[in-house]
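What follows is a short report on a single structure.
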Amino acid sequence: MATIVRQLPFRSFESTLSLPSGETVKILHRQIVLWVSLSSPGQTQLTSSLPRFPAILDIGLNESFAISREHFNRWSGLIEDELDPLEQVLMYDRRVVAREADLWIYRNVPFARDDLLEAEPFHVEIDAGILISPVANKPRLPLLGLRAFESAGLQLLLDGVRQLVSIRSVL
């Protein structure tokens, strides 16, 4: 059993975070922020050319991962048309083609949201693909959904009293 995220804090107030590019984004109260990267499927190691960016943990999202086209183009380091198409999914009342991609979750320093360990990020093969929204600014920030947890065999531990989250792999 490998711990991926250890005692990651979330806050009861709004905050901001800075991306490696210098861009600043607003984090709403009680949003759980994970640092992630996307890659083409089948990579066994994450290349340094693929940037990391924030994603909100959203167990209410029925899919694995959703990102606006603007964020995908600015943050992922990938080209949408180079990712193989999968099934079509309804998103914001529009048909969206899921794209084949893998996700990498960065390991945090315990009790720190934005301080990351030097360790290799955890690789999540997303069987159902990722959704790239054609609707401007939706979702507001990328979302990591429940389906990714199911397919990767991840366990979420939420401590609402201390406002901490841990994620571990049980496979």
Side-chain angles (χ1 to χ4, degrees), residues 2 4-5 8 10 17 19-21 23 25-28 30-47 49-108 113-114 116 120-156 158 165-171:
I4 302 159
V5 172
L8 173 75
F10 61 94
L17 62 80
L19 277 68
S21 66
E23 183 178 352
V25 295
K26 180 167 68 170
I27 305 300
L28 302 179
R30 293 184 183 83
Q31 287 189 320
I32 299 167
V33 177
L34 302 172
W35 286 94
V36 302
S37 289
L38 292 172
S39 72
S40 298
Q43 285 188 220
T44 57
Q45 287 189 312
L46 185 63
T47 62
S49 65
L50 294 172
R52 65 178 161 84
F53 56 90
I56 305 300
L57 174 61
D58 183 355
I59 60 171
L61 177 66
N62 294 328
E63 300 300 330
S64 296
F65 189 81
I67 186 170
S68 70
R69 180 162 283 125
E70 294 87 354
H71 286 149
F72 180 85
N73 291 334
R74 274 199 336 254
W75 294 350
S76 75
L78 300 174
I79 298 171
E80 182 176 352
D81 290 340
E82 292 179 359
L83 301 175
D84 289 338
L86 297 170
E87 65 182 337
Q88 287 193 4
V89 176
L90 193 61
M91 180 180 197
Y92 302 117
D93 296 323
R94 296 183 184 183
R95 289 262 171 221
V96 175
V97 175
R99 297 283 178 170
E100 195 171 14
D102 285 352
L103 180 81
W104 300 77
I105 301 173
Y106 288 81
R107 301 168 196 272
N108 70 306
R113 180 187 70 190
D114 303 331
L116 305 175
E120 178 79 12
F122 183 80
H123 183 207
V124 178
E125 293 180 7
I126 300 182
D127 300 334
I130 65 168
L131 301 179
I132 302 170
S133 172
V135 180
N137 301 314
K138 285 191 177 183
R140 190 181 68 79
L141 288 173
L143 302 174
L144 177 61
L146 187 58
R147 194 168 180 178
F149 276 70
E150 290 174 338
S151 64
L154 300 180
Q155 185 177 62
L156 175 66
L158 175 68
V165 170
S166 294
I167 299 170
R168 60 185 179 198
S169 171
V170 294
L171 294 181

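Just so you know, these numbers use all the heavy atoms, side chains as well, and skip hydrogens, waters and symmetry mates. Note that the structure is a prediction, hence the values are computed from the model and not measured.
The distance from the CG atom of Leu141 to the CD1 atom of Ile27 is 5.0 Å, given to the nearest 0.5 Å. Between the CG atom in Leu144 and the CG atom in Asp58 there is a gap of 9.0 Å [rounded to 0.5 Å]. Between the CG atom of Leu83 and the CD atom of Glu100 there is a distance of 8.5 Å, given to the nearest 0.5 Å. If you take CD on Glu125 and CG on Asp127, they are separated by 7.0 Å, rounding to the nearest 0.5 Å. Here the straight-line distance linking atom CZ of Arg107 with atom CD of Glu120 works out to 8.0 Å at 0.5 Å rounding. The distance from atom CD1 of Ile126 to atom CG of Leu103, rounded to the nearest 0.5 Å, is 4.5 Å.
Residues in residues 65-77 take part in these salt bridge (Lys or Arg N to Asp or Glu O under 4.0 Å) pairs, two or more places apart or across chains: Glu23-Arg74, Arg69-Glu80.
Across all their heavy atoms, Gly129 and Ser64 have their closest contact at O-CB, 4.0 Å. Among all heavy-atom pairs drawn from Leu8 and Val33, the shortest one is CD2-O, 3.3 Å. Residue Arg99 comes nearest to Leu86 through the heavy atom pair C-CD1, 4.2 Å, listed as atom of the first residue, atom of the second, then distance. Contact record, Pro121 with Leu46: CG-CD2, 3.9 Å, taken as the closest heavy-atom pair. Residues Val5 and Ile105 approach most closely at CG2-CG2, 4.1 Å, considering heavy atoms. Nearest heavy-atom pair across Ser169 and Ile4 is N-CD1, 3.9 Å.
Taking the side chain as every heavy atom from C-beta outward, Phe53 and Pro142 approach each other to under 4.5 Å. For the pair Leu158 and Phe10, the minimum side-chain heavy-atom distance is below 4.5 Å. Taking the side chain as every heavy atom from C-beta outward, Pro139 and Ser133 approach each other to under 4.5 Å. Taking 4.5 Å as the limit, every side-chain heavy atom of Tyr92 sits out of range of all side-chain heavy atoms of Pro134. Between Val89 and Arg95, every side-chain heavy-atom pair lies at or beyond the 4.5 Å cut-off. For the pair Gln31/Arg140, a side-chain contact is recorded, criterion being any heavy-atom separation below 4.5 Å from C-beta on. Side-chain contact between Leu78 and Ser39 is absent, with no heavy atoms from C-beta onward closer than 4.5 Å. Between Trp35 and Pro20, some side-chain heavy-atom pair lies under the 4.5 Å cut-off.
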For the pair Leu57 and Phe149, evaluate side-chain contact (heavy atoms from CB on, under 4.5 Å) and give the outcome as yes or no after the intermediate values.
CA-CA 10 Å; Leu57 174 61; Phe149 276 70; 3.3 Å; yes
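More than 12 heavy atoms of other residues, nucleotides or ligands shown are found within 6.0 angstrom of CG on Asp114. Within 6.0 Å of CD in Glu87 there are more than 12 heavy atoms belonging to other residues, nucleotides or ligands. Taking a 6.0 Å sphere around CG of Leu156, one finds it holds more than 12 heavy atoms contributed by other residues, nucleotides or ligands.
Of the possible donor and acceptor atoms, none in the side chain of Glu63 sits under 3.5 Å from a partner among the backbone N and O of Phe65. With hydrogens and angles ignored, the 3.5 Å screen pairs no side-chain donor or acceptor of Ser68 with any backbone N or O of Lys138. For Asp102 (side chain) and Gly42 (main-chain N/O), a donor-acceptor pair under 3.5 Å exists by modelled atom type.
Side chains of Arg94 and Gln88: a donor-acceptor N/O pair is absent below 3.5 angstrom, by distance only.
Checking each of Leu116, Leu38, Leu19, Leu34 against Arg52 for a side chain to side chain contact (heavy atoms under 4.5 Å, CB included) leaves exactly one that passes, namely Leu116.
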